[in-house]
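For reference, the structure is listed below as structure tokens.
Numbers restart at 1 for each chain; the letters A, B, ... are given by sequence-line order, proteins then strands. Computed over heavy atoms, backbone and side chain alike; hydrogens, waters and symmetry mates excluded.
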There are 2 protein chains.
Amino acid sequence: MYPPSPLERAIRALDEHIARKGLRRTEERYEILRAIYSELTHFNAETLHRHLIGKGLRVSRATVYNTLDLLTECGLVKRYSFGSGYTLYERSLGRRQHDHLLCVECGHIQEFCDPQLGSIVESVGALFQMRPIRHELVIHAECTQPECPHRRESATFAEK
Amino acid sequence: MYPPSPLERAIRALDEHIARKGLRRTEERYEILRAIYSELTHFNAETLHRHLIGKGLRVSRATVYNTLDLLTECGLVKRYSFGSGYTLYERSLGRRQHDHLLCVECGHIQEFCDPQLGSIVESVGALFQMRPIRHELVIHAECTQPECPHRRESATFAEK
DNA sequence: GTTCCTGCAAAGAGTTTGCATTGTG
DNA sequence: CACAATGCAAACTCTTTGCAGGAAC
């Protein structure tokens, strides 16, 4: 057999979290999890809400925020902010540690992994007698390609 | 003679920026610059506004935001966000490149410099054909000292 | 049946905008 | 004296909260 997909593992993890905490298995929670694990990356609460409504599901903004909190809490979703003042989320299961490279021209988000970063983080923590929990490196950069493939995708982007 | 202080250099840079752009030399702009360069670090717009009012200056919120935009634009102030959804600022002249270590327990912000980080940023940029403009590494960590000196300073802090 | 969770609408925080007034150049 | 910048208040965006109805256990 194939190993379980990230979505399948996420559903099981949510089952478990819900059971452990004595919460309710509501349809909304599983629908939101499904959308996050199979349809969206780097989304915000608003995007997610619109996406769900667009699929014909009736979920309120409040539930979206509540569920994002729940999923963040049990580690199935990661929260970022990228300096523009509002929050982005992404799924966390089945993904290795990565950071983000942002294009200041078109807003494109490129993920990258750098193995050296972990040791920098550890040594900084040690220096100040702190235990690192998580870190985020965001690089803002401009495109050096004259014909950036992403620029056409989102023509209306402007960085604050 | 002594070399000019960061505040003095900042005032001259603002003079120059204002002259170049044909803007007006208003008292508010210089007062705000002075506060930022001699009285505050890691402040937000709200803090800065209250600080100015506290000094007896009559400045509106709108002016604070406008001026922060102006100063950010001409490179005298840096803008961060640290993931809690709201924006922090700090002066940028007379400071070397540094990043931030945040205590998740008390919210204390520790600055640090790591010389290796720059080369990571450069190599990531090169990999994706991007030219890095700036970067921010934020490390969230917990204190390993039983009696953290900062914990007492801000007893009411709780990370979101 | 109890308690949790939802939807709705209203409140809240931080930031931005519109407009009349002030003051710099 | 023109036009930029200010103050004020209202608008706006994203997020949170209070409460009544509905669903899971």
Self-check item: Side-chain (Tyr37(B)) to main-chain (Leu93(B)) donor-acceptor, under 3.5 angstrom
Solution: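 Confirmed, Tyr37(B) side chain pairs with Leu93(B) backbone.
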For [X], answer base if it contacts any base atom (sugar-phosphate contacts may also be present), sugar-phosphate if it contacts only those atoms, and nothing otherwise; contact means non-hydrogen atoms under 4.0 Å.
X	value
Glu28(B)	sugar-phosphate
Arg61(A)	base
Glu27(A)	nothing
Arg24(B)	base

Minimum-distance nucleotide (side-chain atoms of [X] versus [options]):
X	options	result
Arg29(A)	dC25(D), dC5(C), dT15(D)	dC5(C)
Thr26(B)	dA4(D), dT6(D), dT15(C)	dT6(D)
Thr67(B)	dG23(C), dT6(D), dT6(C)	dT6(D)
Tyr65(B)	dA24(D), dT6(D), dT16(C)	dT16(C)
Ala62(B)	dG7(C), dA9(D), dG23(C)	dA9(D)
Thr63(B)	dG7(D), dT17(D), dC3(D)	dG7(D)
Leu23(B)	dA24(D), dT6(D), dA5(D)	dA5(D)

Give the rounded distance in Å between these two atoms: [atom1] of [X] and [atom2] of [N].
X	N	atom1	atom2	result
Leu33(A)	dC5(C)	CG	P	16 Å
Leu57(A)	dC5(C)	CG	P	19 Å
Asn66(A)	dG18(D)	CG	P	12 Å
Ile32(B)	dG7(D)	CD1	P	8 Å
Arg58(B)	dG7(D)	CZ	P	7 Å
Lys21(B)	dG25(C)	NZ	P	17 Å
Leu70(B)	dT15(C)	CG	P	17 Å
Leu88(A)	dC14(D)	CG	P	11 Å

Quiz item: Does the pair Arg79(B) and Asp69(B) meet the rule for a salt bridge (Lys or Arg N to Asp or Glu O under 4.0 Å), with working shown?
Solution: CA-CA 9 Å; Arg79(B) 198 197 299 260; Asp69(B) 285 348; 3.4 Å; yes
Quiz item: Given the rule in the salt bridge (Lys or Arg N to Asp or Glu O under 4.0 Å) test, do Arg95(B) and Glu111(B) qualify, once you have shown the distances and angles that lead to the verdict?
Solution: CA-CA 11 Å; Arg95(B) 322 216 54 207; Glu111(B) 300 183 352; 2.7 Å; yes
Quiz item: Where does the angle between the aromatic ring planes of His42(A) and His98(A) fall among parallel (under 30°), tilted (30 to 60°) and perpendicular (over 60°)?
Solution: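 Ring orientation of His42(A) relative to His98(A): perpendicular.
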Quiz prompt | Most 5' of Arg25(B) and Asp69(B) on DNA chain C, judged by nearest nucleotide | solution =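 Closer to the 5' end of DNA chain C: Asp69(B).
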Quiz item: Is any side-chain N or O of Ser60(A) closer than 4.0 Å to OP1 or OP2 of dT6(C)?
Solution: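 So the side chain of Ser60(A) is outside the cut-off, no N or O lying under 4.0 Å from OP1 or OP2 of dT6(C).
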Quiz item: Going by atom types alone, do His140(B) and Glu136(A) pair a side-chain donor with an acceptor below 3.5 Å?
Solution: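 Side-chain D/A pair, His140(B) to Glu136(A): present.
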Quiz item: Ring centroid separation for Tyr80(B) and His100(B), is it under 6.0 angstrom?
Solution: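 Yes; His100(B) has its ring centre under 6.0 Å from that of Tyr80(B).
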